[in-house]
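Some notes on the structure that comes next.
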Number of protein chains: 2
Amino acid sequence: MNGKPPIFTNCADCSCKSSIFKSLGTDELGEINTGRFHVAYKAGEIMFKQGTPSSHFVCITSGLSKIYIEGYGKNLILALVKPVDYIFGPGVYIDNKHYYSASAIEDTTACLVDTAIFKKLIRSNPDFAESFIKRLSMQTLFNFEQVISLTQKQMHGRIADALFYLSEKIYCANPFNMTISRQDLADLSGMSKESAIRILKEFKEEGILSVDGNLFDILNIKHLKQISETG
Amino acid sequence: MNGKPPIFTNCADCSCKSSIFKSLGTDELGEINTGRFHVAYKAGEIMFKQGTPSSHFVCITSGLSKIYIEGYGKNLILALVKPVDYIFGPGVYIDNKHYYSASAIEDTTACLVDTAIFKKLIRSNPDFAESFIKRLSMQTLFNFEQVISLTQKQMHGRIADALFYLSEKIYCANPFNMTISRQDLADLSGMSKESAIRILKEFKEEGILSVDGNLFDILNIKHLKQISETG
DNA sequence: ATTCTTTATTGATATAGATCAATGATTACA
DNA sequence: TGTAATCATTGATCTATATCAATAAAGAAT
């Protein structure tokens, strides 16, 4: 958040592009660049809504956003998306609709690219196609972990999983600056906000976690891992 | 179950191959055929175990099988697989491991094909690759529906969803012959076997469902749809 | 600063659903 | 053809978790 991210005029020169683009040559990156535009979202703003047409691939270049399914009365956060990761929903290859919504948690910038270009490159470049399939597979594995956590673990285990997700996968730090709300934490763990808060409180009381303002510190990683394992 | 399924010696001539093979030419089907073998599983037999190396694509040619994650103390059935559908797990493109187990519910026959051939064809045939990606996308959408059903609906809604899944997607009939156990129904709906049985009983009492031996009949589809909707 | 609005926290209560335990009904099987 | 083994059913009890309600804290706005 200190200093603006560098905005390059060409994907080929971009130092912060998603690793999936590694398999693309200069010409292909040029194609991507042609149909690309850069957008800035303020924290809280919706990037796209579930049910609306899905015409663009979204690459997050700064900030933090969430993708979430608007279910029966409450939301389920499928993932948080940070630089330099992209959002490319399953509807693109089915009916060009969004099957989840996305919104900015922190101020976020993103590059949008027409999905048609993306699909064309998948057809013409087998390496790119394979990278894409690998990425889809990774997401599926992540979904599996999440559904097992949500359906077979109790609240303590689910909050433990969410804290590790935040620390290891999103903020990539241990004392980390928590930028998502308690409601988001709850939506990530499939429980009510109040329950999430209570679990955090217990973790604090047991010395597993310290919370100082927005600074979260997992003090006893081993114990928290165990809570994650034992449900 | 009456009469054996026709077993052809060549994929090109096979009348019961998965629709994904439509985009393959005779030569390509020949390649598939070369590395293919046909296996029969008895009801209850495990086809492959979560955690073991995943070397083959599995196409179900007769019978019914389930794919399920062995979680913390209980199983979650991700899907039932019937002819002519295939099993190709997300581990194939990641680390060649199975991330779920599969077992035969009814006596089941299947064609196995080395995943290397499959991956090669995905690289060489863009239509095939696209069909494959579409199929992955469909599975992802199905996962989304399932996770929302499991995490945001109460038991009645989840059993309703499972009954519609069985009737509409698996047995493709309304009075249908139930070949999965109550435990499987429970594992499909993320609840205990006892709870699943109790919900069935309530549905019977309310005239929504009739159960005569193994014959299930959804008597009031509209009402059951409503139960599915209202959680 | 002061008010307004959102977000976080805590407590009390209600309940969906699991678990345990017992029994009945099928199916395998020797 | 009876005995074991599995599967289905029902009831009683317990608990994890949601919901409701009230308050506190933290930002945002004027």
Item to complete: Going 5' to 3' through nucleotides 3-15 of chain C, assign each nucleotide B (protein heavy atom under 4.0 Å from a base atom), S (under 4.0 Å only from sugar-phosphate atoms) or - (no protein heavy atom that close).
Response: -----SBBBB---

Practice prompt. Measure from NZ on A:K153 to P on D:dT17 and round the result to the nearest Å.
Written response: 13 Å

Extract all donor-acceptor atom pairs below 3.5 Å that involve side chains of residues 192-217 of chain A and protein atoms in other chains or at least two apart in sequence.
residue	atom	partner	partner atom	Å
A:S192	OG	A:S195	N	3.2
A:S192	OG	A:S195	OG	3.1

Item to complete: Measure the distance from CE on A:M191 to P on C:dG17 and round it to the nearest whole Å.
Response: 16 Å

Response to the item:
Protein-proximity profile, nucleotides 25-30 of chain D, B/S/- by nucleotide at the 4.0 Å heavy-atom cutoff, equals ------

Worksheet item: Can you list the residues that meet the side chain to side chain donor-acceptor pair (under 3.5 Å) rule with A:D95, with sequence neighbours excluded?
Response: A:Y99

Discussion item. Between P on D:dT6 and CG on B:D184, what's the gap in Å once rounded to a whole number?
Written reply: 16 Å

Worksheet item: Which is it for A:M191 and A:I159 under the side-chain contact (heavy atoms from CB on, under 4.5 Å) test, yes or no, and what are the steps along the way?
Response: CA-CA 9 Å; A:M191 68 186 68; A:I159 289 288; 3.7 Å; yes

Item to complete: Indicate yes or no: at least one non-hydrogen side-chain atom of A:L64 is less than 4.5 angstrom from one of A:I180.
Response: yes

Practice prompt. With sequence neighbours left out, write down each residue that passes side chain to side chain donor-acceptor pair (under 3.5 Å) with B:D161, or none if nothing qualifies.
Written response: B:S149, B:K153, B:S228

Discussion item. Do B:N177 and B:Y171 have side chains that approach each other closer than 4.5 Å (heavy atoms only, starting at C-beta)?
Written reply: no

Worksheet item: Looking only at heavy atoms, what is the nearest atom pair of A:D107 and A:A43, with distance?
Response: OD1-N, 2.8 Å

Item to complete: Kindly write out the residues that satisfy side chain to side chain contact (heavy atoms under 4.5 Å, CB included) with A:S18, not counting sequence neighbours, or none if the list is empty.
Response: A:I20, A:F21, A:C59, A:V84, A:Y86

Worksheet item: Taking atom P of D:dA16 as reference, at what distance in whole Å does atom CD of A:Q152 sit?
Response: 17 Å

Discussion item. Using whole Å, what does the distance between atom C1' of nucleotide C:dG17 and atom NE2 of B:H156 come to?
Written reply: 10 Å

Item to complete: Would you mind reading off the distance between B:R158 atom CZ and C:dA16 atom P, rounded to a whole angstrom?
Response: 12 Å

Item to complete: Whole angstrom is fine here: how far is it from CD1 in B:I159 over to P in D:dA8?
Response: 13 Å

